[in-house]
Protein chains: 2
Amino acid sequence: MFMTMIADTGAGAETGTRPRIRAAARSLIAERGFEAVSMRDIARRVGVRPSAIYNHFESKQALLADLMVAHMERTLAALDRALPCDAAPRARLAAFARFHVGYHLDEPEDVFVAYMELRSLDAANRAVLGRMRDRYERVLCRILQEGIAADAFAPADPRIEARALIAMMTGVTVWFQEDGRIDRAEVVEHYVKIVLRSVGAAAPGEET
Amino acid sequence: MFMTMIADTGAGAETGTRPRIRAAARSLIAERGFEAVSMRDIARRVGVRPSAIYNHFESKQALLADLMVAHMERTLAALDRALPCDAAPRARLAAFARFHVGYHLDEPEDVFVAYMELRSLDAANRAVLGRMRDRYERVLCRILQEGIAADAFAPADPRIEARALIAMMTGVTVWFQEDGRIDRAEVVEHYVKIVLRSVGAAAPGEET
DNA sequence: CCGCAAGGTGAATGACCGTTCACAAATATG
DNA sequence: CATATTTGTGAACGGTCATTCACCTTGCGG
């Protein structure tokens with residue numbers, strides 16, 4: 001009967017054609033953009049004929065949506081794990097910044113695709129992704145509001161500040177390169193400091 | 001003889017086929033992305049046949065490069081005009097932020113194209129644009145260094161901070177919409193405040 | 001009024017696109 | 001071992017792409 005039902009999602013799975021299609025599509029789209037990548041390009045990288053892809057994904061559009069939705073699900077789950085839920089606002093904000101920057105440094109391809117290719121999604125998929133993105137943003141927004149309530153910091157408008165901070169931290173993927181002379185951890189802590197300062201939470205004492 | 005030689009650059013020029021091609025290409029590429037826009041699309045919007053475009057631009061690639069280079073030249077010139085050269089670092093930083101956010105709100109299409117389509121340029125054009133982008137970034141970096149020297153503020157690493165701030169401010173184009181309930185000037189001043197705070201220059205007193 | 005250049009046209013070129021389909025190999029299931 | 005399902009193949013489909021080219025139109029300098 002029909003009993004496969006393997007999830008095989010996650011950037012780690014290596015065996016099997018389906019994950020290899022995902023990996024090839026991810027890196028090609030990150031490099032060139034969705035519209036500039038053809039199914040033939042993806043198939044060539046996997047070592048398979050273009051028609052074989054259609055055994056695993058309904059269409060090019062469905063493949064993109066699969067990548068983006070899976071990435072956002074993983075991101076939201078990882079954020080949930082990374083946030084200490086009973087800590088003070090300042091520590092929670094630091095944890096958010098540490099997570100966001102670190103995650104974006106670890107998964108640059110997925111992040112880039114999710115960031116750049118919203119407009120290549122059809123209306124239905126774009127709506128789904130938009131909702132997930134809002135959920136992510138709202139987590140930060142709530143931390144800022146808690147911080148205001150607790151007098152820990154004072155951003156003027158939490159929603160604007162949340163968007164500004166996310167844009168700032170996401171931008172790290174544009175210029176950071178592993179082999180550079182700057183250490184990864186150093187970069188992360190740097191962004192954490194900028195974030196804390198920008199909301200008026202000064203730098204004293206411990207963090208996390 | 002050959003005596004046309006009109007520059008006709010700038011987002012304002014409306015008459016003539018060449019500027020209308022530029023305008024059509026700009027808005028279509030901003031909306032859909034370079035690879036997703038065809039010469040036929042552009043020609044249709046201008047009200048002309050595709051082959052006519054080649055009387056004005058050598059290729060699709062050259063058209064994109066024209067748009068991006070012209071935009072960056074205008075941007076650099078406008079920045080130069082907007083920066084008070086003999087002011088204190090704090091006022092200069094505020095002016096930079098005010099300029100960057102304001103300019104990005106005023107020219108969202110050009111900004112979006114310049115930001116997203118670097119990868120659609122061929123190697124030579126990408127190098128040209130990269131240099132112009134570096135020039136822009138270096139202006140901010142120098143302001144930060146001057147501020148450090150004058151003890152006006154204390155970003156840890158000026159280069160990282162400059163990139164972070166530019167990414168943050170550029171992100172305003174992603175979410176801001178004119179008809180929204182938030183005032184344009186309000187948004188600008190908000191970003192200025194975040195920028196000043198993030199470098200450790202507190203909020204007291206006057207700003208330029 | 002002639003000639004010529006600049007700008008626009010329509011058709012054609014070869015290449016590539018996403019996708020389909022009939023079929024073959026492989027793999028698991030009874 | 002037989003059979004059904006999954007997975008991959010090769011060839012084709014209609015369509016679109018950027019670009020070229022011979023030609024027509026227009027308006028201006030002489």
Side-chain angles (χ1 to χ4, degrees), chain A residues 1-8 13-26 28-29 31-68 117 119-125, chain B residues 1-8 13-26 28-29 31-68 117 119-125:
Chain A
M1 295 268 174
F2 49 89
M3 56 172 359
T4 37
M5 201 65 70
I6 20 149
D8 85 24
E14 288 302 330
T15 49
T17 302
R18 189 160 9 219
R20 292 177 58 229
I21 293 173
R22 283 204 186 89
R26 173 161 41 228
L28 283 171
I29 294 172
E31 183 189 332
R32 303 182 205 165
F34 180 72
E35 301 282 356
V37 172
S38 69
M39 295 297 257
R40 286 165 170 85
D41 293 331
I42 298 169
R44 196 175 310 121
R45 178 161 299 193
V46 175
V48 100
R49 244 44 69 183
S51 51
I53 297 179
Y54 291 85
N55 285 321
H56 301 282
F57 298 95
E58 223 184 32
S59 64
K60 198 190 176 194
Q61 171 72 209
L63 173 51
L64 177 64
D66 174 285
L67 285 179
M68 293 180 68
E117 301 298 350
R119 68 173 160 197
S120 300
L121 288 175
D122 61 29
N125 289 324
Chain B
M1 293 269 174
F2 48 89
M3 54 175 358
T4 38
M5 202 64 73
I6 18 144
D8 84 26
E14 288 302 329
T15 49
T17 302
R18 191 164 359 225
R20 292 179 56 232
I21 293 173
R22 284 204 185 88
R26 175 163 36 230
L28 283 170
I29 294 172
E31 183 189 332
R32 304 182 204 166
F34 179 72
E35 301 282 357
V37 172
S38 69
M39 294 298 257
R40 286 165 170 84
D41 294 331
I42 298 169
R44 195 174 310 122
R45 178 161 299 193
V46 175
V48 100
R49 244 42 70 184
S51 51
I53 297 179
Y54 291 87
N55 284 322
H56 302 281
F57 298 95
E58 224 184 32
S59 64
K60 197 189 175 194
Q61 171 72 210
L63 173 52
L64 176 64
D66 174 285
L67 285 179
M68 292 180 68
E117 302 298 350
R119 67 174 161 196
S120 301
L121 288 174
D122 61 29
N125 289 324

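Every chain is numbered from 1 and lettered A, B, ... according to where its sequence line falls, protein lines coming before strand lines. What you see below is based on every heavy atom in this structure, not just the backbone, and it leaves out hydrogens, waters and symmetry mates. Everything quoted here is computed from the prediction, not taken from an experiment.
- A/Arg18 places a side-chain heavy atom less than 4.5 Å from the side chain of A/Phe57.
- Within the structure, every pair that satisfies the salt bridge (charged side-chain N to carboxylate O under 4.0 Å, His left out) test and touches residues 37-56 of chain B, not counting sequence neighbours, is listed here: B/Arg32-B/Asp41, B/Asp41-B/Arg44.
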Where do N or O atoms of nucleotides 25-28 of chain C meet protein N or O atoms at under 3.5 Å, pair by pair?
none

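- End-to-end axis angle for the helix from C/dC1-D/dG30 to C/dG30-D/dC1, using five pairs per end and rounding to 10°, comes out at 10°.
- The two residues A/Gly16 and A/Pro19 make their nearest non-hydrogen contact at O-CD, 3.3 Å.
- Not counting sequence neighbours, the partners of A/Ala52 by the side-chain contact (heavy atoms from CB on, under 4.5 Å) test are A/Val48.
- For the side chain to side chain donor-acceptor pair (under 3.5 Å) test, residues two or more places apart in sequence or in another chain that qualify with B/Gln61 are B/Asn125.
- Taking atom NZ of A/Lys60 as the reference point, atom P of D/dT16 lies 16 Å away to the nearest angstrom.
- When all heavy atoms are compared, the tightest approach of A/Val46 to A/Ala24 is CG2-CB, 3.7 Å.
- Annotation: the span from B/Arg22 atom CZ to B/Ile42 atom CD1 amounts to 12.5 Å, rounded to 0.5 Å.
- Regarding A/Phe34, its CZ atom lies at a distance of 13 Å from the P atom of C/dC17, rounded to whole Å.
- Contacts with DNA chain C (heavy atom under 4.0 Å) in residues 36-44 of chain A: A/Val37, A/Ser38, A/Met39, A/Arg40, listed by number.
- Near DNA chain D, meaning a heavy atom under 4.0 Å from it, residues 51-59 of chain A has A/Ser51, A/Ala52, A/Asn55, A/His56 in order of number.
- At least one side-chain nitrogen or oxygen of A/Arg49 sits closer than 4.0 Å to the OP1 or OP2 atom of D/dG10.
- With rounding to whole Å, A/Ile21 atom CD1 is found 13 Å from D/dT6 atom C1'.
- Taking atom CD of residue A/Glu35 and atom P of nucleotide D/dC17, one finds them 11 Å apart after rounding to whole Å.
- Partners of A/Glu117 under the side chain to side chain donor-acceptor pair (under 3.5 Å) rule, at least two apart in sequence or in another chain, are A/Ser120, B/Arg119.
- Going from atom CE of A/Met39 over to atom CD1 of A/Ile21 covers 8.0 Å, rounded to the nearest 0.5 Å.
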